[in-house]
Amino acid sequence: MSNKVWVVFDRDDFDDFDQAVQEGVERGYQIAWSNQSFEYWLYLHFHYSDAALHREEWKRKLDEIFERYQLGDGTYRKNYENIYQLVDSFDGVSTAVKYARSRMVEYEERSCRPSSYDPGTTVYLLVEQLKKYLDE
């Protein structure tokens, strides 16, 4: 087993997002980013979207999903201790990986700035690595 250090973050409205991705790669870290927000990655557990939405809109969409499927207390919250189990309802993690791969197929790491790929996420790369251990 090789040791890798992963750094996970989202863009929000930070101007140094691309610089943070680049510096992380240059320092040898594996980077799992989401543009515009981590909530986009969570949304992909339920539906595909290529709409460039503000993070507040992604949160609103997750609220609707959590209410519709009676997840948690019916409202999306970042701090659910069991968020993995909640979003994995209906095989959501595999669905999110599939949808993220589909969305990112046109992303060219060497020629495209992460901030310009909206929405986009590479969190699926980390999840694929973790699933090897979670599914044992």
Side-chain angles (χ1 to χ4, degrees):
M1 173 169 84
S2 65
N3 291 329
K4 296 180 181 178
V5 175
W6 283 86
V7 178
V8 182
F9 56 92
D10 58 17
R11 179 178 181 198
D12 289 338
D13 292 320
F14 294 107
D15 293 331
D16 60 352
F17 180 68
D18 294 322
Q19 181 182 351
V21 173
Q22 181 181 350
E23 285 184 22
V25 170
E26 288 171 358
R27 292 177 185 207
Y29 299 126
Q30 302 294 311
I31 307 296
W33 56 263
S34 290
N35 183 20
Q36 196 218 25
S37 68
F38 189 74
E39 283 76 13
Y40 172 65
W41 162 250
L42 295 177
Y43 181 82
L44 292 176
H45 288 70
F46 303 94
H47 303 288
Y48 178 81
S49 180
D50 59 5
L53 302 176
H54 189 270
R55 68 181 175 276
E56 293 303 322
E57 187 65 18
W58 289 120
K59 289 177 187 176
R60 188 187 66 72
K61 287 182 169 295
L62 286 172
D63 273 341
E64 293 170 1
I65 289 169
F66 273 58
E67 181 179 12
R68 182 179 327 133
Y69 297 114
Q70 300 177 353
L71 301 174
D73 64 8
T75 302
Y76 166 68
R77 300 186 197 299
K78 282 187 174 191
N79 60 353
Y80 280 119
E81 288 184 18
N82 62 337
I83 191 70
Y84 182 88
Q85 289 78 17
L86 291 174
V87 298
D88 197 32
S89 301
F90 320 109
D91 200 28
V93 173
S94 295
T95 299
V97 168
K98 178 179 76 172
Y99 287 161
R101 278 189 164 284
S102 177
R103 174 64 186 143
M104 298 303 290
V105 74
E106 294 178 10
Y107 176 74
E108 295 292 332
E109 187 173 344
R110 296 184 192 270
S111 62
C112 185
R113 292 185 343 260
S115 64
S116 68
Y117 209 76
D118 187 7
T121 185
T122 60
V123 173
Y124 72 95
L125 298 170
L126 169 59
V127 171
E128 286 176 328
Q129 295 297 310
L130 292 174
K131 277 185 67 61
K132 294 174 186 175
Y133 303 102
L134 294 171
D135 293 342
E136 289 182 346

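- A 6.0 Å sphere centred on OH of Y48 holds more than 12 heavy atoms belonging to other residues, nucleotides or ligands.
- Note that the OH atom of Y76 and the CG atom of L86 stand 11.0 Å from one another [nearest 0.5 Å].
- Nearest heavy atom pair, residue L53 against residue Q36, reads O-CB, 3.7 Å.
- When all heavy atoms are compared, the tightest approach of Y80 to T75 is OH-O, 2.6 Å.
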Could you walk me through whether T121 and R103 satisfy the side-chain contact (heavy atoms from CB on, under 4.5 Å) test, starting with their C-alpha distance in whole Å, then the side-chain angles of each, then the deciding distance to 0.1 Å, before giving a yes or no?
CA-CA 8 Å; T121 185; R103 174 64 186 143; over 6 Å; no

Stepwise ring pair (Phe, Tyr, Trp, His ring centres under 6.0 Å) test for W33 and Y107
CA-CA 13 Å; W33 56 263; Y107 176 74; 5.5 Å; yes

Full working for side-chain contact (heavy atoms from CB on, under 4.5 Å) between L125 and W6
CA-CA 10 Å; L125 298 170; W6 283 86; 3.9 Å; yes

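- Taking CG of L71 as the start and CG of N82 as the end, the distance is 9.5 Å to the nearest 0.5 Å.
- Salt bridge present: R60 and E57 bring a charged side-chain N and a carboxylate O closer than 4.0 Å.
- One hydrophobic cluster, built from ILVMFWY side chains closer than 4.5 Å, holds both V127 and V5.
- Under a cut-off of 6.0 angstrom, the local environment of CZ in R27 is sparse, with at most 12 non-hydrogen atoms contributed by other residues, nucleotides or ligands.
- Of the charged side-chain nitrogens involved, none lies within less than 4.0 Å of a carboxylate oxygen, so that K61 and E64 do not count as a salt-bridged pair.
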Determine whether Y40 and D10 satisfy the following criterion, side-chain contact (heavy atoms from CB on, under 4.5 Å), listing intermediate values before the conclusion.
CA-CA 10 Å; Y40 172 65; D10 58 17; over 6 Å; no

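- Inter-residue side-chain proximity for R11 and P114 is flagged as unmet; no heavy-atom pair is nearer than 4.5 Å.
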Run the numbers on Y69 and F90 for ring pair (Phe, Tyr, Trp, His ring centres under 6.0 Å), then give the verdict.
CA-CA 10 Å; Y69 297 114; F90 320 109; 5.2 Å; yes

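- Proximity of V97 to E128: side-chain heavy atoms (C-beta onward) are separated by under 4.5 Å at one or more points.
- In this structure, the side chains of R113 and F17 stay at 4.5 Å or more apart for every pair of heavy atoms.
- Here the shortest heavy-atom pairing between A32 and T122 reads CA-OG1, 3.4 Å.
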CA sep, side-chain torsions, deciding dist, call: K59, S37, side-chain contact (heavy atoms from CB on, under 4.5 Å)
CA-CA 9 Å; K59 289 177 187 176; S37 68; over 6 Å; no

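- Ring pair H45/W41 is perpendicular by interplanar angle, where above 60° counts as perpendicular and below 30° as parallel.
- Residue-environment remark: CG (D15) stays at or below the threshold of 12 foreign heavy atoms within 6.0 Å.
- Taken from SG in C112 to CE in M104, the straight-line distance is 7.5 Å, to the nearest 0.5 Å.
- Under the 4.5 Å side-chain contact rule for hydrophobic residues, V7 and F14 do not share a cluster.
- Of the inter-residue distances, the one linking L62 atom CG with R55 atom CZ reads 14.0 Å to the nearest 0.5 angstrom.
- Taking each heavy atom of A51 and W58 in turn, the nearest pair found is O-CZ2, 3.2 Å.
- For the atom pair S116 OG and D18 CG, the distance stands at 7.0 Å (nearest 0.5 Å).
- Within the model, atoms OH of Y99 and CG of L44 stand 8.5 Å from one another, a figure rounded to the nearest 0.5 Å.
- Nearest heavy atom pair, residue I31 against residue V21, reads CG1-O, 4.0 Å.
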